[in-house]
Amino acid sequence: QVQLVESGGGLVQAGGSLRLSCAASGRTFSTYTMGWFRQAPGKERDLVGAITASEGITYYSESVKGRFTISRDNAKNTVYLHMDSLTPEDTAVYSCAARVARGRLLTDTTYDYWGQGTQVTVSS
């Protein structure tokens with residue numbers, strides 16, 4: 001069982017930046033593919049991006065490519081989502097997720113474990 005806890009959300013003005021963190025429990029963090037999702041009010045949950053377990057290969061959705069960066073520190077059992085050039089359209093609850101790396105594509109939205117989410121609000 002893996003527990004995920006996000007932090008770093010908050011209120012930011014358009015054009016600003018935020019860094020979200022997702023801390024994972026357990027000793028096998030380095031074997032998990034990690035994903036970041038977001039869900040805006042009244043909308044479905046969307047994949048923001050993902051990072052492979054050990055190589056650190058990343059994938060980003062078109063809506064955030066060039067503005068968001070996912071990284072991980074396996075020694076700290078933590079994955080990060082650095083967000084730049086934020087717009088009001090980025091307002092959502094952001095959640096991290098984990099799955100055992102089994103060769104699935106990074107675009108695969110099937111995950112085994114989920115965090116509770118953190119609110120990001122971007123004001124205009």
Side-chain angles (χ1 to χ4, degrees):
Q1 191 76 7
V2 175
Q3 292 185 329
L4 304 172
V5 179
E6 301 95 337
S7 60
L11 175 64
V12 63
Q13 288 188 333
S17 299
L18 274 178
R19 189 182 78 161
L20 307 183
S21 299
C22 171
S25 64
R27 301 178 180 179
T28 57
F29 178 75
S30 63
T31 65
Y32 286 93
T33 295
M34 300 298 296
W36 282 100
F37 291 77
R38 67 183 182 185
Q39 187 168 20
K43 295 187 177 181
E44 294 185 353
R45 184 171 59 195
D46 291 327
L47 175 65
V48 172
I51 186 166
T52 59
S54 55
E55 303 89 351
I57 298 170
T58 54
Y59 160 82
Y60 301 97
S61 68
E62 286 300 318
S63 62
V64 306
K65 191 178 295 184
R67 299 188 298 123
F68 290 13
T69 302
I70 298 173
S71 61
R72 66 189 297 160
D73 185 338
N74 287 340
K76 294 183 178 179
N77 280 17
T78 302
V79 63
Y80 304 98
L81 177 64
H82 187 92
M83 305 181 291
D84 290 323
S85 302
L86 286 162
T87 74
E89 288 68 38
D90 295 315
T91 295
V93 174
Y94 285 72
S95 301
C96 64
R99 67 169 179 244
V100 176
R102 291 196 182 102
R104 295 177 185 168
L105 296 176
L106 288 179
T107 51
D108 189 326
T109 58
T110 305
Y111 281 81
D112 301 315
Y113 307 101
W114 295 84
Q116 82 289 350
T118 185
Q119 177 69 47
V120 172
T121 302
V122 184
S123 62
S124 58

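Scope of the values below: all heavy atoms of this structure, side chains included, with no hydrogens, waters or symmetry mates.
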Which pair of non-hydrogen atoms, one from [X] and one from [Y], has the smallest distance, and what is that distance?
X	Y	answer
Y111	A50	OH-CB, 3.5 Å
E62	K65	OE2-NZ, 2.7 Å
L20	V120	CD2-CG2, 4.0 Å
P88	A14	CD-CB, 4.2 Å
T31	A53	C-CB, 3.7 Å
D84	S17	OD1-OG, 2.6 Å

Distance in Å, [X] [atom1] paired with [Y] [atom2], rounded so as to fall on 0.5 Å steps:
X	Y	atom1	atom2	result
E89	S124	CD	OG	9.0 Å
R99	D112	CZ	CG	8.5 Å
S30	D73	OG	CG	11.5 Å
T52	I57	OG1	CD1	4.5 Å

- Could you tell me which residues satisfy side chain to side chain contact (heavy atoms under 4.5 Å, CB included) with T109, sequence neighbours excluded, listed by chain and number?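 T109: side chain to side chain contact (heavy atoms under 4.5 Å, CB included) contacts with F37, L47.
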- Item | By side chain to side chain contact (heavy atoms under 4.5 Å, CB included) - contacts of S54 (at least two apart) |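 Residues passing side chain to side chain contact (heavy atoms under 4.5 Å, CB included) with S54: none at all.
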Do [X] and [Y] come close enough that some side-chain heavy atom pair is under 4.5 Å?
X	Y	value
Y113	Q1	yes
D90	R67	yes
R104	T33	no
R45	W114	yes
S63	R38	yes

- side chain to side chain donor-acceptor pair (under 3.5 Å) against N74, all qualifying residues, sequence neighbours excluded: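 If we apply the side chain to side chain donor-acceptor pair (under 3.5 Å) test to N74, skipping adjacent residues, the hits are R72.
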- Item | Under 3.5 Å: donor-acceptor pair, side chain of T58, backbone of I70 |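 Not a single qualifying donor-acceptor pair exists.
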Contacts under 3.5 angstrom, residues 3-13 side chains, donor-acceptor by atom type, not counting sequence neighbours:
{"residue": "E6", "atom": "OE1", "partner": "Q116", "partner atom": "N", "Å": "3.1"}
{"residue": "E6", "atom": "OE1", "partner": "Q116", "partner atom": "NE2", "Å": "3.4"}
{"residue": "E6", "atom": "OE1", "partner": "G117", "partner atom": "N", "Å": "2.9"}
{"residue": "E6", "atom": "OE2", "partner": "C96", "partner atom": "N", "Å": "2.8"}
{"residue": "E6", "atom": "OE2", "partner": "G117", "partner atom": "N", "Å": "3.3"}

- Mind checking who shares a hydrophobic cluster with L105, ILVMFWY linked at side-chain heavy-atom distances under 4.5 Å?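 Noted: L105 shares its cluster with no other residue.
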- Item | Pairs flagged by ring-ring contact (aromatic ring centres under 6.0 Å, His included) wherever residues 54-103 is involved - sequence neighbours left out |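 Matches after skipping sequence neighbours: none remain.
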